[in-house]
Amino acid sequence: MGGYHDGRSEAALGRVLRRYPRQSYFLADKFPGYDLANMDKVDRIFEEQLKRCGVEYFDFYLFHNVCEMNIDAYLDERYGIFAYLLRQKKAGHIRHLGFSAHGSAAVMQRFLEAYGSEMEFCQIQLNYIDWTFQDAKAKVELLRRHEIPVWVMEPLRGGKLASLEPDNAEKLRALRPQESVPAWAFRFLQSVPGVTMILSGMSNLEQLQENIGTFSENRPLSAQEMETLLQVADDMVQRIALPCTACRYCTSHCPQGLDIPSLLALYNEHCFTGGGFLAPMALSALPAEKQPGACLGCRSCEAVCPQQIKIAQAMADFAQKLSQ
Ligand code: SF4
Ligand code: SF4
């Protein structure tokens, strides 16, 4: 909830929920830390959220989107967000406290080192593309070390995994003729230890029925099936992404001191997703002189890149896409 639907989702849902007994549904809300201007207002925001929803407590309450842009503020005791939310939990206004994260595994680690002992769940973007593409595997392992259940968002990566190119679909059909393409995304998640909840956006009743059908059985992937599925994922990414291996040969040659591999990883994410908020959000943590738009187009980096990536062109294209 929080900022969804121009900030009106809580009020709208509150109007609906008033018709039902409180114990007949579960309700989740998030602290809107996607906006740094909210950091010093946790008490006002939380009270307003309860009021708008017309409830006395939230079943689940999350630090929203722990990432590069807000981790320092989330950990800053002057704002007291964690202490305040713990008090609300003790007072019974929060049943379960957790967090969602779009940041790197390193950022999640900082958050967990500070607050991990009180976190009851964590919501991350997890699917067979992001297992390696967004390093979700490392995030799952990190959560497992902290014994924190994994909640999944984007299991079908915004619908991208609901259908595949014919050659890739055929590779999967050869292994499990009875399984639909979307079901593979869910079978993948059934194979990841620690996953306890999957949020899947559904647009109609048919999709809901299909998902119920899929989850009526637990059919995790065999090692061979997993290998093929991850090859399919790799192939999908390679068709769109630049093949940067993060060798970092280029970085010392950049007169602007740009973190080229990190910027290319964000560029790949932005191109693969077809836009979206992830890359702009991560870039917002960087000063202007470290952003793609700071590239001079000198191509010193390209002279040493073993993958022969057209880096200057990618930076210019990235800057242009971000300005749209
Ligand atoms: S082309 Fe851009 S990224 Fe490459 S070295 Fe020059 S300024 Fe740096
Ligand atoms: S030299 Fe090429 S492959 Fe290596 S980090 Fe730079 S852009 Fe990526």
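Because only heavy atoms are used, hydrogens play no part in the values below, and waters and symmetry mates are left out as well, while side chains stay in. Sequence positions, counted from 1, serve as the residue numbers for this chain. Read the numbers this way: they start at 1 and go in the same order the structure lists the ligands and their atoms.
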Worksheet item: Is the His64 ring parallel, tilted or perpendicular to the Tyr34 ring (thresholds 30°, 60°)?
Response: perpendicular

Fill in: Arg299: numbered ligand 1 atoms lying under 4.0 Å from its heavy atoms
1 (S), 6 (Fe)

Worksheet item: Which ligand 2 atoms does Leu264 reach within 4.0 Å, using its non-hydrogen atoms?
Response: 7 (S)

Discussion item. With a cut-off of 2.8 Å, does Cys250 put an N/O/S atom close enough to atom 8 (Fe) of ligand 1?
Written reply: no

Practice prompt. Could you check if a side-chain atom of Trp184 sits within less than 4.5 angstrom of a side-chain atom of Leu221, using non-hydrogen atoms only?
Written response: yes

Worksheet item: At a 4.0 Å threshold, what atoms of ligand 1 neighbour a non-hydrogen atom of Cys295?
Response: 1 (S), 2 (Fe), 3 (S), 7 (S)

Item to complete: Verify the distance criterion only: is there a donor paired with an acceptor across the side chains of Glu210 and Ser180 at less than 3.5 Å?
Response: no

Fill in: Mode of Pro243 contact toward ligand 2 - side chain, backbone, both, neither (heavy atoms, under 4.0 Å)
neither

Discussion item. I need the atoms of ligand 2 closer than 4.0 Å to a non-hydrogen atom of Pro306, numbered in the order shown.
Written reply: 1 (S)

Worksheet item: Against heavy atoms of Gln307, which atoms of ligand 2 measure under 4.0 Å?
Response: 3 (S)

Fill in: Side-chain donor-acceptor contact under 3.5 Å, Gln125 with Asp130
yes

Worksheet entry | Heavy-atom nearest neighbour in the protein, as seen from atom 3 (S) of ligand 1, with distance rounded to 0.1 Å | Ile260 CD1, 3.7 Å

Worksheet item: How far is atom 8 (Fe) of ligand 2 from its nearest protein heavy atom, and which residue and atom name does that atom have?
Response: Cys244 SG, 2.4 Å

Worksheet item: With a cut-off of 4.0 Å, which atoms of ligand 2 are near a heavy atom of Arg248?
Response: 4 (Fe), 5 (S)

Worksheet item: Which ligand 1 atoms does Leu296 reach within 4.0 Å, using its non-hydrogen atoms?
Response: 2 (Fe), 7 (S)

Discussion item. Using a 4.0 Å cutoff against the non-hydrogen atoms of Pro255, which atoms of ligand 1 qualify?
Written reply: 5 (S)

Worksheet item: With distance as the sole test, does Gln109 use its side chain to make a donor-acceptor pair with the main-chain N or O of Ala106 at under 3.5 Å?
Response: no

Discussion item. What protein heavy atom lies closest to atom 4 (Fe) of ligand 2? Include the residue and the distance to one decimal.
Written reply: Cys247 SG, 2.3 Å

Practice prompt. Taking atom types as modelled, find out whether Arg187 and Gln190 have a side-chain donor-acceptor pair closer than 3.5 angstrom.
Written response: yes

Discussion item. Would you say that Tyr267 contacts Phe272 through its side chain, given a criterion of any heavy-atom pair below 4.5 Å between the two side chains?
Written reply: no

Practice prompt. Return yes when atom CZ of Arg239 has more than 12 non-hydrogen atoms of other residues, nucleotides or ligands closer than 6.0 Å, and no otherwise.
Written response: yes

Practice prompt. Would you please say whether a donor-acceptor pair under 3.5 Å links the side chains of Gln88 and Tyr57?
Written response: no

Item to complete: State the atoms of ligand 2, each with its element, that fall below the 4.0 Å cut-off from a heavy-atom position in Ile311.
Response: 7 (S)

Response to the item:
If we number the atoms of ligand 1 from 1 as shown, the ones under 4.0 Å from a heavy atom of Cys301 are 1 (S), 3 (S), 4 (Fe), 5 (S)

Worksheet item: What are the atoms of ligand 2, with element, lying closer than 4.0 Å to any heavy atom of Cys305?
Response: 1 (S), 2 (Fe), 3 (S), 7 (S)

